[in-house]
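Labels below follow one simple rule: chain letters A, B, ... track the order of the sequence lines, proteins then strands, and each chain is numbered from 1.
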2 protein chains.
Amino acid sequence: MTLPPHAGDTQTGANGTGPADGAAPAAAAPVTRAIPEATVARLAVYLRMLGEFAEQGADTVSSEELATASGVNSAKLRKDLSYIGSYGIRGVGYEVRSLHHQIERTLGLDEPQTVAVVGIGNLGHALAGYGGFVGRGFPVTALFDIDPDLVGIHINGILVDHVRDIARVCRERGVTIGLVATPGPAAQSVCDQLVAAGVRCILNFAPVVLQVPPQVEVRKVDLAVELQVLAFHVARRRDSEAAARVPLDGTAGAHLAALPNSPAATNGHGAVNGSAVS
Amino acid sequence: MTLPPHAGDTQTGANGTGPADGAAPAAAAPVTRAIPEATVARLAVYLRMLGEFAEQGADTVSSEELATASGVNSAKLRKDLSYIGSYGIRGVGYEVRSLHHQIERTLGLDEPQTVAVVGIGNLGHALAGYGGFVGRGFPVTALFDIDPDLVGIHINGILVDHVRDIARVCRERGVTIGLVATPGPAAQSVCDQLVAAGVRCILNFAPVVLQVPPQVEVRKVDLAVELQVLAFHVARRRDSEAAARVPLDGTAGAHLAALPNSPAATNGHGAVNGSAVS
DNA sequence: TGATGTGAACTTATTCACAGCG
DNA sequence: CGCTGTGAATAAGTTCACATCA
């Protein structure tokens, strides 16, 4: 039964921002006010796009350009940026380099991070060699598994250690982020060991809800769930199309509750949501 | 360049549902009302947990039990379930099997799905062999790459085809979902080919915003962004702890930005963070 | 009695629209 | 004049709390 000790944190990809309760008020936040959760995730995206703009030699970008590249609308982007301060130039846009730096700072990326991957199965193996991490300041420096066939080998130049050594190795190498890529049943135990080793960030790929003390931050990535959400949207869309296109045959979608055509989806033509901005 | 034809859809893991404006009222919705986006994602999680409860031989679960297992609170769970109908028994809970079935149906999982992976790098390779898909009704049946060293080999019993054959192979095998795991620059082209092949669901691991026609649904998974969000939360927490613990130094606020990189004197343990930026 | 189902209150997030500045 | 920055308006999502019913 294990009634959760300290109520659920969230760890579902969208975590609730700190309660900002009375205890320690805004003491240390001089400029940067509490940044909404949703904004934080997008800042990371803007950051990457700014990197690309910089590579292409751009000096400035308008909110419109950066927004488009990032897949959001410009109002949202400007609002997001407003949470970290006013670094834009009216009538011009944002200075690429400077904005990049500000976001980096805001996200805490000026602190060095070091990643450990636990569970060197299919996914863990891929994560161990994933180029997308090093390039973004998240070098993988420790790997763990319990399989004797894996312990001792090197992947991408990194030795695979036994899970029992998590604490020691993580401390030695200053690991700050742990990726849990074990099968579900092993995840909690592995997580506990990471926490014991002082790791405060965990990205969980296992299909379980990890129990952690409040100072530890967990995010969950669940690929099967992503696929199911996709499947849902397409099924819904197919149903509503069927209903709209073949209004004959009332039996179109079973009877019971074959997901009713979304009423609002009516915007007929490809025009998509009115976000046609002007 | 390439001003997007039809403004951004979203594709960021949390897509906006239709605007549901006043125009077309609830005329055609017999039972199942429009299901909120956030709810859909959680339904997939409940589904998995129900599967586990079933395996353990449970006949019924209370909202409290299922909620705890899923990492949400019971009110939210009940509200979520209320969108798909009333399948609970007051005073008792939910019948595991029946609820499982209802959610499955709601998510459109009674339709067979077939997955293709494009880009057999580190990540793509892992996705190709990922056990979490088959078990959940998303068998991978096609793999693509352009690397001559990869084309022709088998992974997990599946032949790797050349990207140029996407259309033909996808049609032949009835692929419904495409996973794009290519490098950024190749992603859009690959995406276009998938769309041309009739694929309507795309899970994008490449760090770009894919442009697709409105009938295609895209979700994006960005591991580097996940790590950055984690890093942010921990940095913030560390900062506020530092502020709360070491309230001396009244200059805390500096003036403008310069986020007073809180001295690493924070977490006593051998944590790293020594080097402050510059 | 004990858990569901749900309107209503509340919180968070997005969009609008325009003042203000370079 | 063009683009940023932002208050105000909307919309989406969550939590509360309790009527309801097996």
May I have the list of side-chain donor-acceptor pairs in residues 43-52 of chain A shorter than 3.5 Å, sequence neighbours left out?
residue : atom : partner  : partner atom : Å
A:Tyr46 : OH   : A:Asp80  : OD2          : 2.6
A:Arg48 : NH1  : B:Asp222 : OD1          : 3.4
A:Arg48 : NH1  : B:Asp222 : OD2          : 2.3

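Here C:dT15 presents its C1' atom at 12 Å from CZ of A:Arg42, a figure rounded to the nearest Å. Nucleotide C:dC10 holds its C1' atom 14 Å from the NZ atom of B:Lys76, rounded to whole Å. One atom, CG of A:Asn73, and another, P of C:dA13, lie 16 Å apart when rounded to the nearest Å.
In this structure, the side chains of B:His100 and B:Phe53 stay at 4.5 Å or more apart for every pair of heavy atoms. Looking at heavy atoms from C-beta onward, A:Cys201 lies out of side-chain contact with A:Val216 at the 4.5 angstrom threshold. Counting heavy atoms from C-beta outward, A:Leu230 and A:Val234 have side chains that stay 4.5 Å or more apart. By the 4.5 Å heavy-atom criterion applied to side chains, B:Glu217 and B:Arg200 are not counted as neighbours. Contact check for B:Glu65 versus B:Tyr94: no side-chain heavy atoms found under the 4.5 Å cut-off.
Residue B:Tyr83 places its side chain closer to D:dT14 than to any other of C:dT15, D:dT14, C:dT14.
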Nucleotides 2-8 of chain C: protein proximity per nucleotide (B base, S sugar-phosphate only, - neither; heavy atom, under 4.0 Å) = BBBBBBB
